[in-house]
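Order of listing sets the numbers, starting from 1, for every ligand and every atom in it.
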Amino acid sequence: MLELSNIYKTFNKGTIDEKVLFSDFSLTIENGEFVGVIGSNGSGKTTMLNIISGDMPIDGGNVTLDGTPLNGMKNFKRARKIGRVFQNPSMGTCPSMTIWENMSIADNKGKIYGLSFGLNKRRRDFYCSQLELLGMGLENRLSTQAGSLSGGQRQALALIMATMIRPDLLLLDEHTAALDPKSSDTVMTLTEKIVREKKITTLMVTHNLRYAVEYGSRAIMMHDGNVIMDVKGEEKKNKSINDYLKVFNEISIECGN
Ligand SMILES: Nc1ncnc2c1ncn2[C@@H]1O[C@H](COP(=O)(O)OP(=O)(O)O)[C@@H](O)[C@H]1O
Ligand SMILES: [Mg+2]
């Protein structure tokens, strides 16, 4: 279980740019949940993921994963517990390295003494089995530079790299937003498959309402550092895009837009 309890986060404290984002923010995610996170720009989605991953210090509160505090945990330890895919494919894969080298780095993520590439040759079968999950033929292109792959292929590779050591938690931050609609759908289908087959608790921030409606076991909507909608199970199944849009519109009117 992932637990964010009583989180406080203020940016630029004490300056005219001071921005209180989270004030007593709490959220609990059960193991095995696949949560779609939607919300307006600046509502705190990315900051929430940064807080969970330990990339953003907090002013107060606690983040625990299965009871173990994540804030304060050594980076290398956290790195093996949390997989992450960003919007930009170059954040998740190194373009000048081959698929093989990229996977080798992901495989050794968070290990204090990384194995040499030579030793990693033994991992070839494992890497191929992982790439086969994508159905893109990348398992036959281990020596291809990641930079020469299409955006969709690179995000698919980034997904495999983020999940190959089966983290306890997968954080996706608009990981399809930079792709054309067709590649975006392909990566979304793969995401669902990987999350389901590997049974990884997942938080997926998405700009695409349709993805939040069609995928995942739970959907939350954020606004101004708060969760303003939280649905799962039957309630989620019964929600349409229009239901989410209605809440968006209500917020816009409230904000005077
Ligand atoms: N590094 C930062 N420095 C200052 N303010 C920030 C920073 N990161 C985020 N913020 C503030 O927090 C708000 C929420 O940002 P973010 O979490 O990126 O929103 P979202 O991902 O939902 O679009 C922003 O509107 C901004 O005011
Ligand atoms: Mg964001």
Checklist line | ligand 1 N/O within reach of Ser43 N/O, cut-off under 3.5 Å | finding: yes

Checklist line | Proximal ligand 1 atoms for Asn41, defined as those under 4.0 Å from one of its heavy atoms | finding: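 Counting atoms of ligand 1 from 1, those under 4.0 Å from Asn41 are 23 (O).
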
Note to self: Out of all atoms in ligand 1, which are within 4.0 Å of some heavy atom of Lys19? Include the element for each.
What the structure shows: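 Those qualifying, in numeric order: 27 (O).
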
Item checked: Under the salt bridge (Lys or Arg N to Asp or Glu O under 4.0 Å) test, residues paired with Lys13 that sit two or more places apart -> Asp59

Note to self: So, taking the atom named OH in Tyr8 and the one named CD1 in Ile58, what distance separates them when rounded to the nearest 0.5 Å?
What the structure shows: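 Those atoms lie 11.5 Å apart.
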
Checklist line | The one among Val20, Asn50, Asp173, Thr47 that brings a heavy atom closest to atom 16 (P) of ligand 1 | finding: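 The residue whose heavy atom sits nearest atom 16 (P) of ligand 1 is Thr47.
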
Among all protein heavy atoms, pick the one closest to [atom] and tell me residue, atom and distance.
atom: atom 13 (C) of ligand 1; answer: Gly42 O, 3.7 Å
atom: atom 1 (N) of ligand 1; answer: Phe11 CE2, 4.0 Å
atom: atom 18 (O) of ligand 1; answer: Thr46 CB, 3.6 Å

Next item on the list: Could you tell me whether atom 26 (C) of ligand 1 has at least one protein heavy atom nearer than 4.0 Å?
Entry: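 Protein heavy atom within 4.0 Å of atom 26 (C) of ligand 1: absent.
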
Check: Pick one: which of Val35, Val227, Val37 meets side chain to side chain contact (heavy atoms under 4.5 Å, CB included) with Leu27?
Finding: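 Of the listed options, the one satisfying the test is Val227.
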
Item checked: Flag if over 12 foreign heavy atoms under 6.0 Å of CG, Asn41 -> no

Notebook entry, point to check: Can you list the residues that meet the side chain to side chain contact (heavy atoms under 4.5 Å, CB included) rule with Glu192, with sequence neighbours excluded?
Noted result: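 Glu192 satisfies side chain to side chain contact (heavy atoms under 4.5 Å, CB included) with Phe34, Arg196, Tyr215 only.
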
Checklist line | Residue list, side chain to side chain contact (heavy atoms under 4.5 Å, CB included) with Asn208, at least two apart or on another chain | finding: Thr206, Arg210, Tyr211

Notebook entry, point to check: Between the main-chain N or O of Ala212 and the side-chain N or O of Lys236, is there a donor-acceptor pair closer than 3.5 Å?
Noted result: yes

Looking at [X] and [Y], does any basic side-chain N land under 4.0 Å from a carboxylate oxygen?
X: Lys19; Y: Asp224; value: yes
X: Asp173; Y: Lys45; value: no
X: Lys232; Y: Glu33; value: yes

Notebook entry, point to check: Below 4.0 Å from any atom of ligand 1, is there a heavy atom belonging to Gly44?
Noted result: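 Contact present.
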
Next item on the list: Return the number of protein N, O or S atoms with a distance to the Mg ion (ligand 2) smaller than 2.8 Å.
Entry: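 For the Mg ion (ligand 2), protein nitrogen, oxygen or sulfur atoms under 2.8 Å: 1.
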
